[in-house]
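This report refers to the structure that appears directly beneath it.
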Amino acid sequence: MIWTVPNILTALRLLAAPAVAVMFLYFHRPWADWFALVLFIGAAITDWFDGYLARAWKQTTKLGTMLDPIADKAMVVIALMVIVGYSSMSPWLVLPATVILFREVFVSGLREFLGDTAGTLKVTKLAKWKTTAQMIAIAVLFGQGVAEHYIGAMARITVMLGHAGLWILWIAAALTLITGIDYFKKSMPYLKD
């Protein structure tokens, strides 16, 4: 059976990724920020649940194994694109976002090239921490987008969220770079002619 609960959660997360960007097409801010934040957090939570349920219920499938990393990458890439697009284009935001985007595309390309031997690029614990850091950073930065529309009493909170989001994003970018290099090293024997 392909459409297990874990696979349905993964498919919903995959659909939520473009929906985050669509919120900014159909709603004005701060409503777009609120909807994107709630949608992103909901999708990030399903990331943990779908894997846990698939293992606990012994419902691991090839479809789920394929869709899960695609959904993760789509969520991160689209959310970062929206955040950078609605930002002041600060290099402190653009640089870590660029590192993350580059690594996600690079590792996907490596996996595609390796084909059947892509199993050598199994997800490591550090890569899971990387994904967690990315999701937290993006949620905090969306939270800053919400807070900045209520400047009066929340001005200090907006600044704190912005700084926290950037720090976590830089940590995520460092973990992203480390795991990208690790995957590249593991794939080197298969890249030699």
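Please read all numbers here as calculations on a predicted model, not as lab measurements.
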Quiz item: Considering all heavy atoms of both residues, which atom of Leu110 and which atom of Ser187 are nearest to each other, and what is their separation?
Solution: CD2-OG, 3.5 Å
Quiz item: Is there a path of hydrophobic side-chain contacts, each under 4.5 Å between heavy atoms of I, L, V, M, F, W or Y residues, that connects Ile157 with Ile168?
Solution: yes
Quiz item: Quick one: are Phe106 and Phe184 in side-chain contact, heavy atoms under 4.5 Å?
Solution: yes
Quiz item: Can you name the closest pair of heavy atoms from Pro18 and Ile78 and give their distance?
Solution: N-CD1, 3.8 Å
Quiz item: Honestly curious: do Val84 and Leu177 fall in one hydrophobic cluster under the side-chain, below-4.5 Å linking rule?
Solution: no
Self-check item: Student check: side-chain heavy atoms of Phe40 and Ile138 closer than 4.5 Å
Solution: yes
Quiz item: Which atoms form the tightest heavy-atom contact between Ile100 and Ala172, and what is the distance?
Solution: CD1-CB, 4.3 Å
Quiz item: To the nearest 0.5 Å, what is the distance between CZ (Arg111) and OH (Tyr183)?
Solution: 5.0 Å
Quiz item: What is the minimum heavy-atom distance between Met66 and Pro69, and which atoms define it?
Solution: O-CD, 3.4 Å
Quiz item: Checking side-chain hydrogen bond (donor to acceptor under 3.5 Å, both in side chains) for the pair Thr124/Asp182: CA distance, chi angles, key distance, verdict?
Solution: CA-CA 10 Å; Thr124 62; Asp182 179 51; 4.9 Å; no
Quiz item: Hey, what do you get for CG (Leu80) to CG (Leu141), rounding to the nearest 0.5 Å?
Solution: 8.0 Å
Quiz item: Same cluster or not: are Met75 and Met81 linked, directly or through other Ile, Leu, Val, Met, Phe, Trp or Tyr residues, by side-chain heavy atoms under 4.5 angstrom apart?
Solution: no
Self-check item: Residue pairs, two or more places apart or on separate chains, that pass side-chain hydrogen bond (donor to acceptor under 3.5 Å, both in side chains) and touch residues 74-93
Solution: none
Exercise. Give a yes or no answer on whether the side chain of Thr46 reaches the backbone of Phe49 with a donor-acceptor pair at less than 3.5 Å.
Key: no
Quiz item: Does the side chain of Leu166 come within less than 4.5 Å of Val140's, by heavy atoms?
Solution: no
Exercise. Applying side-chain contact (heavy atoms from CB on, under 4.5 Å), run through Trp3 and Leu63 and close with a yes or a no.
Key: CA-CA 9 Å; Trp3 291 110; Leu63 178 67; 4.3 Å; yes
Quiz item: Can you name the one residue among Lys130, Gln134, Arg103 that meets side-chain hydrogen bond (donor to acceptor under 3.5 Å, both in side chains) with Thr176?
Solution: Gln134
Self-check item: Minimum heavy-atom distance Leu14-Ala74, with the two atoms named
Solution: CD1-CB, 4.2 Å
Exercise. Write out all pairs satisfying side-chain hydrogen bond (donor to acceptor under 3.5 Å, both in side chains) with one or both partners inside residues 63-72, taking only residues at least two apart or from two chains.
Key: Arg13-Asp68, Arg13-Asp72
Quiz item: Step by step, would you call Phe24 with Arg29 a side-chain contact (heavy atoms from CB on, under 4.5 Å)?
Solution: CA-CA 8 Å; Phe24 289 86; Arg29 298 181 83 189; 4.0 Å; yes
Exercise. Rounded to the nearest 0.5 Å, what's the gap from CG on Leu9 to CD1 on Ile45? Could you check?
Key: 11.5 Å
Quiz item: Taking all non-hydrogen atoms of both residues, which atom of Val99 and which atom of Ala173 are closest, and how far apart?
Solution: CG1-O, 3.7 Å
Quiz prompt | Whether over 12 other heavy atoms sit under 6.0 Å from Trp48 CH2 | solution = yes
Practice problem: Please round to the nearest 0.5 Å and tell me the distance separating atom OG1 of Thr131 and atom CG of Leu175. | Solution: 9.5 Å
Self-check item: Any donor-acceptor pair under 3.5 Å from Thr10 side chain to Leu67 backbone
Solution: no
Quiz item: Hey, any chance Met135 and Trp129 share a hydrophobic cluster, counting ILVMFWY side chains that come within less than 4.5 Å of each other, even indirectly?
Solution: no
Practice problem: Any chance you could measure Asp33, atom CG, to Phe142, atom CZ, to the nearest 0.5 Å? | Solution: 8.0 Å
Practice problem: Would you indicate whether the side-chain heavy atoms of Leu191 and Met188 approach each other to under 4.5 Å? | Solution: yes
Quiz prompt | From CG (Leu53) to CD (Gln59), nearest 0.5 Å | solution = 8.0 Å
Quiz item: Can you hop from Val94 to Trp170 via hydrophobic side chains spaced under 4.5 Å?
Solution: yes
Quiz item: Within the distance-only criterion (no hydrogens, no angle test), does the side chain of Asn7 pair as donor or acceptor with the backbone N or O of Ile2 below 3.5 angstrom?
Solution: yes
